[in-house]
Amino acid sequence: MSRPRINTNPNRHGYFGPYGGMYVPETLMAPLHELAAAYKRYRKDPAFKRELRAHLRDYVGRPTPLYAAERLAREMGCAAVYLKREDLCHTGAHKINNSLGQALLARRMGKRRVIAETGAGQHGVATATVAAMFGLECVIYMGEVDMERQALNVFRMRSLGAEVVPVTAGQRTLKEAISEAMRDWVTHVRTTHYILGSALGAHPYPLMVRDFQSVIGRETRRQMRAMTGRLPSVLLACVGGGSNAIGFFHPFLNDHEVRMIGVEAGGSGIRKGRHAARFAGGKMGILQGTKTFMLQDRYGQVQLTHSVSAGLDYAAIGPEHSLLRDLGRVEYAHVSDREAVAAFDALGRWEGILPALETAHAFAYAIKHTGRWKKNDVVAINLSGRGDKDVQQVANWKEGRAI
Ligand SMILES: *Cc1c(COP(=O)(O)O)cnc(C)c1O
């Protein structure tokens, strides 16, 4: 029996089923509509697509390899494991696929200044990088706690000519950085484009970021076919805001034989304030422009979050993921800080690859299910970023001094 096609394109108000939308102050409605109109025009524009493709190839280094990880497959007890090497993108993570697309769009819209928020610093680095390449002014907002956890990336952004503004409000992490960036955007909207870094926020961001990241899944599909003549049986990715996962999953949504699993940050346990697993402890709410699953208390106040990885430490998940979960198309799970750090070590020893701590969550799930993978399973894992930025954090964690 054939299953109904999944249509996950949002409606014209930006809703994926009941999720998404544009929940912003009046002052941001005009810039969001301007952006949505520009994106609608350029996403189909052959010259825009050509320019994006050329930069992805020559500057980012696409297509990234699909690598058969034989030792990992042996450890997991399945037929094969393929790693999609987004860690080999210029700047070391998938983030640049989106920063580049949005910077091209900003140029088409006549904006000379770009701003961004960053958590782990990877999105800030990617945005500072493309801003330098295009000669755009660049300001990055980053929580003070994250600046401490990710000092290396702060140095990289400043070396690339970006201004890094410490955010001292609230929990001093990603959520507060997004609020500051939105405040800047309202004030400077005539000259400035806000490059949001994940499949989050108000329409058109979840759609636009998903589209720019879908290059990951499109390449994986093509490479799997060429290398093995088949599609993977399972896709695995970590989920912060959800951009690497949605980019990886999206081109496979209507291949119903492909199982998909998104892995959230279980932190130090599913207790209030100790994790960032929105589908384990959250419910529908509105945060920073979008209606989606989020961690909140019984009065609807945003809950504190925790994860060893700064890039997964956010109270809400992208709205398209909420729909995919309701549809049962993607399964969501979580692993703990401890399991993620163990997976970081394991991948280094078995494959000679140090993954980002965010990515290590996907590997932790894979390793944790050793004995439960089927003998003929072919598992594809999105290796969203490299772990160089995290070595100090891992060392601190092992000594019980992690922030
Ligand atoms: C930012 C980041 C993530 C989490 O963000 P998503 O939008 O969920 O992809 C995951 N992995 C790496 C390497 C990152 O830099």
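As the structure lists them, so they are numbered: ligands from 1, and atoms in each ligand from 1. Quick note: residue numbers are just sequence positions, from 1.
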Close approach, [X] and ligand 1, non-hydrogen under 4.0 angstrom:
X: His94; result: yes
X: Cys238; result: yes
X: Gly242; result: yes

Which of the numbered atoms in ligand 1 are below 4.0 angstrom from a heavy atom of [X]?
X: Gln122; value: 15 (O)
X: Gly240; value: 8 (O)
X: Ala356; value: 13 (C)
X: Ser198; value: 6 (P), 7 (O)

* When the ring planes of His193 and Tyr205 are compared, do they come out parallel, tilted or perpendicular, using 30° and 60° as the limits? -> parallel

* Asked: Once the angle between the rings of Phe293 and Tyr19 is folded into 0 to 90°, is it parallel (under 30°), tilted (30 to 60°) or perpendicular (over 60°)?
  ->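 Plane angle between 30° and 60°, so tilted.
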
Polar contacts were defined as any N/O atom of the residue lying under 3.5 Å from an N/O atom of the ligand; does this apply to [X] and ligand 1?
X: Gly241; value: yes
X: Gly385; value: no
X: Ser384; value: yes
X: Gly197; value: no

* Atom OG1 in Thr290, atom OH in Tyr23: separation rounded to 0.5 Å? -> 8.0 Å

* To do: State the NZ-CG distance between Lys111 and Leu35, to the nearest 0.5 angstrom.
  => 8.5 Å

For a quick test of your reading: what N or O donor-acceptor pairs under 3.5 Å do the side chains of residues 211-218 make, sequence neighbours left out?
unit_1, atom_1, unit_2, atom_2, d
Asp211, OD2, Tyr39, OH, 2.5
Asp211, OD2, Arg43, NE, 3.2
Asp211, OD2, Arg43, NH2, 2.8
Gln213, OE1, Asn97, ND2, 2.9
Gln213, NE2, His94, O, 3.2
Ser214, OG, Arg210, O, 2.7

Tell me the protein heavy atom at minimum distance from [atom], and give that distance in Å.
atom: atom 14 (C) of ligand 1; result: Lys95 NZ, 2.9 Å
atom: atom 6 (P) of ligand 1; result: Ser243 N, 3.3 Å
atom: atom 10 (C) of ligand 1; result: Glu358 CB, 3.4 Å
atom: atom 4 (C) of ligand 1; result: Gly311 O, 3.4 Å

* Shortest non-hydrogen contact from Pro355 toward Leu383 -> CB-CD2, 4.2 Å

* Who are the salt bridge (Lys or Arg N to Asp or Glu O under 4.0 Å) partners of Arg156, not counting sequence neighbours? ->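 Salt bridge (Lys or Arg N to Asp or Glu O under 4.0 Å) list for Arg156, sorted by chain: empty.
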
* Could you tell me whether Asp390 and Arg149 make a salt bridge, using a distance below 4.0 angstrom between a side-chain N and a carboxylate O? => no

* To do: Using only heavy-atom distances, determine whether the side chains of Glu351 and Tyr67 contain a donor-acceptor pair under 3.5 Å.
  =>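 Yes, because at least one side-chain N or O of Glu351 sits under 3.5 Å from a partner of the opposite role on Tyr67.
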
* Min side-chain heavy-atom separation Val378-Arg230 under 4.5 Å ->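 Yes, side chains in contact.
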
